[in-house]
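Since the structure comes first, as structure tokens, the remarks are kept for the end.
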Amino acid sequence: MVPKDEYRREPRFAPVQLNLTETLSEPQPDQQKISVFTTRIDTIYGVTSLLLAPEHPLVVQFSADNPELQKKVRELLEEQKIAREKGDLAALAKEGVATGRFATNPFTQEAVPIWVANYVLMDYGTGAVMSVPAHDERDFEFAKKFGLELKIVVLPRHANESEKGNAEPLLPYTHEDSLLINSGEFTGLGCQEAQQKMAAFAEQHGFGKPSTTYRLKDWGVSRQRYWGTPIPIIYCDKDGLVPVPEDQLPVLLPDSIAITQEGGSPLSRVPEFAQVTCPKCGGMARRETDTMDTFVDSSWYFYRYADPKNSRAPFDTDTVAYWFPIDQYIGGVEHAILHLIYSRFWTKMMRDLGLVKNDEPVEHLFTQGMVIKNGAKMSKSKGNVVSPDDMIAQYGADATRMYALFAAPPDRDLDWQEDGVAGISRFLSRVYRFAMQAMPRVIAGRSQSLPSTLNPLERQLMRKMHQTLRRLTQEFDGRWHFNTCIAAIMELVNELTADEKAIASGGVADSVLYAITRTLVLMLQAFAPYLAAELWSQMGEDIPLLHAPWPAYDEALAAEHVLEVPVQINGKLRAVVTVSAGSDSEVLRATADQDPKIQAALAGKEIVKVVLLPGKLVNFVVR
RNA sequence: GCCCGGAUGGCGAAAUCGGCAGACGCAGCGGACUUAAAAUCCGCAGGGAGCAAUCCCAUGGGGGUUCAAGUCCCCCUCCGGGCACCA
């Protein structure tokens, strides 16, 4: 599948150990070490403080005999917790407190103050961060607020020569296509190179080494909701967490439930659901009343489709192995992450458990556009969904379906509007009238073989038919731009109805009329299946329309014999000339030379160059 | 903030590999048929200048590459979607 970064592989330089000093004096050999985690070791000469997460173990030690600091740290932790629960950590105002301790930067041997900050997370990296205000957004904000020092150690690579050395970049300057300054022996290196060399230096001196870290996407699956899959776990005071025995699965949601405005899980207020006996000891126990995120269901439900009647298990491994992976997934861009990631994760988990044999749920992904209504995506949660029911009632399912396909290619967003469906409806009526008019001769033509030579009208119509068929065949196999398929069918029908009188008066053999009408119906079935099925049955075909094979187009019959070639002068269209297909450059040049418009336009000009593309284009470059 | 899409006539769009910008349709205008209307059929239709032939301008904006750019490169604006103190 296409989205492939559910975890990101990032080169990291971690951990770098900064020695802790009690004072600004020389570092002592027996002092403690704090591991920090960084992706920008190249900025380490710009470190002006060291930040710890409120939960960092050393914070406890630092604040042991300092109640004031303890209180402040508790506040910082609380702020962080609330922000994380709300999911808007980014909006959290940066707060922090100095511990009064100092750490020594192993690169510079400088001592920097140690702070506790509410935006440093204990569960990422090491819970300790080197703060480089000049080259990190967050540190910049923090340092400005608390008056901490800024040290510029990276300059834009493309700064003018004259500015070099004194150009102050707009702070914080975080780009990595840059050069180091004020960085000791590393000054003058590019960021990337510096990262390699400084990591090697750290490793050599035993205070750090590069590593690769994988960042997994968080997915908290439990929800305090009624709608969701029950989590089959029972809490017993005696036995702890007890899984619901397999013969009691699946746990079903209760039917009688009051959805109130109260907070908390609605299921916890349904005693007959929540109160159970422990499967182990038979004593009073409590059922888990959170349900699972609906993403859990959407992560695997499609496996059930391969084995829908299985009453023993969700699905049988071998039955599923026959069908999976799915050949083609079609979904909206808004699914490009989340659902798609989770379903891949779920498949890999089931693979590891031996439940499925495929590594990926899906082979190919087609990302369809969203339906937009009044500038926003149409979605149930936004309540701006427009039902096609009215349109179906007025124009029928065929016209509604075809209109939706005609409005835009499927990979593009579609701003839903209803003008235009009438045109499709008119088109389908026109097809029906034409076909029914021709029907007696179409039926007669069924049993006749095609004429050995086609007359000009027959040839023209057959050419158009094969061109249309070629277009559809290629689209179905490739881009899926059904809007242009429909346009192509319209062009074919336009040509047929334009020649309707000539066709009616016998200008086209019955067998040719049959061949064209039959192909038209086959092409139409993808877009207007009901009309196509009706016409097919009128034609008295032996096999059902759905079983009829897709017809093959004939490249020779589709080929144009006369080509119109644009003639340009300095790239601007000045004439169009007609040549027979297969004409070479000389013929093309001669034809263009003879065109009166071209002769007039070239008069008195010097021809510098002539671009000749046989069958495609002539361009005179003149002075 | 970061990542991914997108922007072309009054509207939906087409141009698939750098080669006639606007196919096909909607809405509109003119005409035929009709007592009249509906339906249907024919024609016109990006903007500007001109009686006309014809010419100029035009694919969100600005630069560039090229004989030739909606299409390729650089910068920017706006709209949509997703993610987001992950150091």
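Just so it is clear, the model here is predicted, and its values are computed rather than measured. Just so we're on the same page: letters track the sequence lines, and every chain starts at 1. All heavy atoms count here, side chains included; hydrogens, waters and symmetry mates do not.
Look at the C1' atom in both C33(B) and C20(B): the space between them is 37 Å, to the nearest Å. A27(B) and G12(B) have their C1' atoms separated by 11 Å, given to the nearest Å. With C1' as the reference atom, A68(B) and A15(B) are 16 Å apart, rounded to whole Å. Spacing of P atoms, U8(B) relative to U59(B), comes out at 12 Å, to the nearest Å. Comparing U16(B) with U71(B), their P atoms sit 13 Å apart, to the nearest whole Å. Nucleotides C79(B) and G60(B) place their C1' atoms 11 Å apart, quoted to the nearest Å. For the P atom pair drawn from A69(B) and A58(B), the interatomic distance equals 11 Å after rounding to whole Å. Rounded to whole Å, the separation between the C1' atoms of C29(B) and G82(B) comes to 46 Å.
As judged by a 4.0 angstrom heavy-atom cut-off over every strand, N494(A) is placed among residues touching the sugar-phosphate backbone only. Heavy atoms of Q417(A) sit under 4.0 angstrom from primed sugar atoms or phosphate atoms, though from no base atom. Counting any heavy atom pair closer than 4.0 Å across all strands shown, E137(A) reaches no nucleic acid atom. Residue contacts shown for R574(A) are limited to sugar-phosphate atoms, with no base heavy atom under 4.0 Å away. Across all strands shown, K501(A) has no heavy atoms under 4.0 Å from either base or sugar-phosphate atoms. V608(A) comes within contact range of no nucleotide atom at all, as no heavy-atom separation falls under 4.0 Å.
You'll find that the side chain of N118(A) is closest to C85(B), out of A23(B), G25(B), C85(B). Here the nucleotide nearest the side chain of V611(A), chosen from U54(B), C41(B), G19(B), is G19(B). Closest approach to the L121(A) side chain among A13(B), C86(B), A15(B) is made by C86(B) (side chain taken as heavy atoms from C-beta onward). Listed candidates were G80(B), U40(B), G19(B). Nearest to the side chain of R433(A) is U40(B). The E475(A) side chain lies nearest to U16(B) when the options are U16(B), U8(B), G80(B). The side chain of K609(A) approaches C67(B) more closely than any other nucleotide in the set U16(B), A14(B), C67(B). The nucleotide whose nearest atom lies closest to any side-chain atom of L92(A) is, among U54(B), C85(B), G25(B), C85(B).
At least one donor-acceptor pair under 3.5 Å links the side chain of Q80(A) to the backbone N or O of V120(A). Put simply, the side chain of N118(A) never gets that close to the backbone of K94(A): no donor and acceptor are under 3.5 Å apart. A donor-acceptor contact shorter than 3.5 Å links the side chain of H135(A) to the backbone of V154(A).
For the OP1/OP2 pair of C26(B) and a distance below 4.0 Å, the side-chain nitrogens and oxygens of R426(A) include at least one atom meeting the criterion. Residue R412(A) places at least one side-chain N or O under 4.0 Å from the OP1 or OP2 atom of A14(B). At C20(B), none of the side-chain N or O atoms of N619(A) fall inside 4.0 Å of OP1 or OP2 (strictly under the cut-off). Contact check, K572(A) against C55(B): no side-chain N or O comes under 4.0 Å of OP1 or OP2. Residue N483(A) places no side-chain N or O under 4.0 Å from the OP1 or OP2 atom of G25(B).
Rounded to an integer number of Å, the gap from CZ of R623(A) to P of C67(B) is 13 Å. Look at CZ on F620(A): it is 15 Å from C1' on G19(B), rounded to the nearest Å. Summarising the geometry, the separation between NZ on K616(A) and P on G18(B) is reported as 10 Å, rounded to the nearest angstrom. Spacing between atom CZ of F406(A) and atom P of A14(B) amounts to 10 Å, rounded to whole angstrom units. Atom CZ of R471(A) and atom P of A15(B) are 7 Å apart (whole Å). The interatomic distance linking L340(A) (CG) with G81(B) (P) rounds to 19 Å, in whole Å. Regarding E495(A), its CD atom lies at a distance of 13 Å from the P atom of C42(B), rounded to whole Å. As rounded to whole Å, 7 Å separates atom P of A15(B) from atom NE2 of H481(A).
Taking the six-membered ring where tryptophan is involved, the planes of H339(A) and Y329(A) are tilted, since the angle between them lies from 30° to 60°. Between F476(A) and F482(A), the angle of the ring planes goes over 60°, which puts this pair in the perpendicular group of the 30/60° scheme. Using bins of under 30°, 30° to 60° and over 60° for the plane-to-plane angle, the ring pair F142(A)/F146(A) lands in the tilted bin.
Comparing R430(A) and P566(A) along RNA chain B, the residue whose closest nucleotide (by nearest heavy atom) sits nearer the 5' end is P566(A). Between L573(A) and V421(A), the residue anchored nearer the 5' end of RNA chain B, judged by the nucleotide with its closest heavy atom, is L573(A).
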Problem - Bracket notation of RNA chain B in which parentheses pair within the strand, [ ] cross earlier pairs, and | pairs with another strand (Watson-Crick or G-U, under 3.5 Å) - result: (((((((..(((......[....))).(((((.......))))).((((....))))..(((((..]....))))))))))))....
Exercise for the section: Please step through side chain to side chain donor-acceptor pair (under 3.5 Å) for the pair E110(A) and N105(A), ending with a clear verdict. Expected result: CA-CA 5 Å; E110(A) 280 174 354; N105(A) 182 336; 5.6 Å; no
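Distance check, rounded to the nearest 0.5 Å: CZ of F427(A) to CG of L524(A) gives 6.0 Å. To the nearest 0.5 angstrom, F527(A) atom CZ is 5.0 Å from I486(A) atom CD1.
Against the 90° criterion about 0, the sugar-base torsion of C57(B) places it in the anti range. In this structure, G9(B) is classed as syn because its glycosidic torsion stays within 90° of zero.
Interface remark: the D419(A) side chain does not form any donor-acceptor pair with the C26(B) base, using a distance-only criterion of under 3.5 Å.
Of all heavy-atom pairs spanning D398(A) and L531(A), the tightest one is OD2-N, 2.6 Å.
For the side-chain contact (heavy atoms from CB on, under 4.5 Å) test with L588(A), the passing option among V618(A), D593(A), L617(A), V567(A) is V618(A); the others fail.
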